[in-house]
Novice: 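The structure's right below; bear with me while I get my questions together.
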Amino acid sequence: MVHSKEAESEPGLYGLTRTAFSLLTHFICFSFTLFVAFLSKPGTSWFSWHPFLMTLAFSFFMTEAILLFSPHASPIRKLPHKTKGRVHWVLQCLCVSCAVLGLAAISYNKHLNGKPHFTSWHSLLGLVTVCVAATQSLAAVPLIYHSLAKGWSLAKLKRYHAASGLITYLLGSGSLLLGLFSAWFTASVREYTWYLSALCPALSALIIMNQVSSAYIAKKRLQS
């Protein structure tokens with residue numbers, strides 16, 4: 001498999017560094033989600049569900065779904081690639097479900113308070129991200145059920161899915177970052193906490209970008 005060969009072919013120090021960063025990403029996505037849950041206290045209001053569900057979707061579920069394919073820190077690294085793909089799709093569906101519920105919660109909250117919808121860059125990018133994530137999950141079905149991909153090259157479909165998936169992840173990270181500029185979040189944390197919070201989606205995005213790009217660079221190198 002490409003991922004195992006990639007991990008084996010890397011120099012010791014470089015491989016250890018990538019393992020450390022991948023493990024750090026696991027820690028970041030869990031800690032950041034837990035921190036937002038602590039701040040928002042989901043269930044105390046309709047609004048409280050929005051930051052919690054969106055962070056659970058794009059910081060936790062989507063990040064963990066991609067890390068399943070990490071050659072260094074996947075929790076199911078020894079399982080077949082087909083199994084990883086199915087677990088990945090389940091986590092992505094959980095991501096989309098949480099995102100849709102989070103979008104519904106903030107929309108209903110604005111309706112109750114008579115506020116206009118989609119008036120900020122955060123809300124507009126968030127709406128686009130939810131739509132793209134849902135489309136991405138639906139488009140991945142032929143990668144699980146190959147009979148639906150008749151007439152298509154599975155190798156090309158996987159490349160397109162990886163590229164569009166990375167774009168979706170970056171959109172999600174951007175939505176989370178813009179959410180940190182909201183009046184609710186800035187009033188809830190101190191300045192140094194804000195910067196640490198902003199570092200979480202930014203650093204995760206960089207590590208995930210490196211993982212996805214490295215995997216396909218390694219695949220091309222092995223095929224050449």
Side-chain angles (χ1 to χ4, degrees), residues 14-40 42 50-75 88 91-92 94-96 98-99 102-103 106 118 120-134 136-137 161-217:
Y14 181 67
L16 286 173
T17 302
R18 290 192 63 188
T19 300
F21 276 109
S22 296
L23 292 172
L24 176 64
T25 310
H26 282 294
F27 175 76
I28 287 174
C29 73
F30 178 77
S31 301
F32 183 60
T33 303
L34 200 63
F35 177 63
V36 173
F38 171 76
L39 288 181
S40 62
H50 175 69
F52 168 67
L53 287 170
M54 288 305 197
T55 307
L56 184 63
F58 295 112
S59 177
F60 185 73
F61 282 132
M62 186 173 279
T63 304
E64 289 297 331
I66 298 174
L67 286 174
L68 289 177
F69 297 108
S70 169
H72 305 92
S74 172
H88 169 82
L91 290 177
Q92 284 296 101
L94 289 172
C95 165
V96 172
C98 287
L103 183 62
I106 193 63
F118 309 116
S120 66
W121 285 111
H122 168 62
S123 60
L124 290 172
L125 184 61
L127 176 62
V128 170
T129 303
V130 173
C131 293
V132 172
Q136 176 78 356
S137 294
H161 180 74
S164 58
L166 180 56
I167 293 171
T168 306
Y169 187 81
L170 294 177
L171 286 172
S173 298
S175 298
L176 291 175
L177 280 170
L178 288 177
L180 301 184
F181 289 94
S182 66
W184 167 76
F185 192 82
T186 52
S188 301
V189 299
R190 296 182 178 180
E191 185 177 2
Y192 72 90
T193 309
W194 188 94
Y195 285 108
L196 283 175
S197 299
L199 188 62
C200 290
L203 186 58
S204 294
L206 288 174
I207 295 171
I208 292 297
M209 283 176 64
N210 179 266
Q211 175 188 316
V212 175
S213 59
S214 296
Y216 279 86
I217 288 172

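No experiment lies behind these values; they were computed from the predicted model shown. We number each residue from 1, following the sequence as shown.
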Novice: Can you sort out the partners of Ser164 under side chain to side chain donor-acceptor pair (under 3.5 Å), two or more places apart, ordered by chain and number?
Specialist: Gln136
Novice: For a quick test of your reading: what N or O donor-acceptor pairs under 3.5 Å do the side chains of residues 55-63 make, sequence neighbours left out?
Specialist:
from: Thr55; atom 1: OG1; to: Pro51; atom 2: O; distance (Å): 2.6
from: Thr63; atom 1: OG1; to: Ser59; atom 2: O; distance (Å): 2.7
from: Thr63; atom 1: OG1; to: Tyr169; atom 2: OH; distance (Å): 2.8

Novice: Could you give the side-chain donor-acceptor pairs of residues 188-203 under 3.5 Å, partners two or more places apart or in another chain?
Specialist:
from: Ser188; atom 1: OG; to: Trp184; atom 2: O; distance (Å): 2.6
from: Trp194; atom 1: NE1; to: Leu180; atom 2: O; distance (Å): 2.6
from: Ser197; atom 1: OG; to: Thr193; atom 2: O; distance (Å): 2.8

Novice: Checking the side chain of Ser74 only, and the main-chain atoms of Pro71 only, is there a donor and an acceptor separated by less than 3.5 Å?
Specialist: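 Answer holds: no.
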Novice: How far apart are the closest heavy atoms of Ile66 and Gln211, and which atoms are they?
Specialist: O-NE2, 2.9 Å
Novice: Could you tell me whether a side-chain N or O of Ser137 sits under 3.5 Å from a main-chain N or O of Ala133, the two making a donor and an acceptor?
Specialist: yes
Novice: Mind checking what makes side chain to side chain donor-acceptor pair (under 3.5 Å) contact with His88, not counting sequence neighbours?
Specialist: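 For His88, no residue satisfies side chain to side chain donor-acceptor pair (under 3.5 Å) once neighbours in sequence are set aside.
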Novice: Enter the distance from Leu125:CG to Leu171:CG here, rounded to the nearest 0.5 Å.
Specialist: 5.5 Å
Novice: Looking at CG of Leu103 and CE of Met54, how far apart are the two atoms once the value is rounded to the nearest 0.5 Å?
Specialist: 5.0 Å
Novice: Sort and list the pairs that fulfil side chain to side chain donor-acceptor pair (under 3.5 Å) and have at least one residue in residues 24-36, not counting sequence neighbours.
Specialist: His26-Glu64
Novice: Test: side chain to side chain donor-acceptor pair (under 3.5 Å). Region: residues 123-134. Which pairs qualify, not counting sequence neighbours?
Specialist: Ser120-Ser123, Thr129-Ser175
Novice: If you take all heavy atoms of Gly15 and His72, which pair is closest and at what distance?
Specialist: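 What the structure gives for the nearest pair is O-CD2, 3.7 Å.
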Novice: Step through the shown structure and confirm whether more than 12 heavy atoms of other residues, nucleotides or ligands are within 6.0 Å of CZ on Phe118.
Specialist: yes
Novice: Which pair of non-hydrogen atoms, one from Pro75 and one from Leu68, has the smallest distance, and what is that distance?
Specialist: CG-CD2, 4.0 Å
Novice: Just how far is it from atom CG of Leu24 to atom SG of Cys29, taken to the nearest 0.5 Å?
Specialist: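 Separation between the atoms: 10.0 Å.
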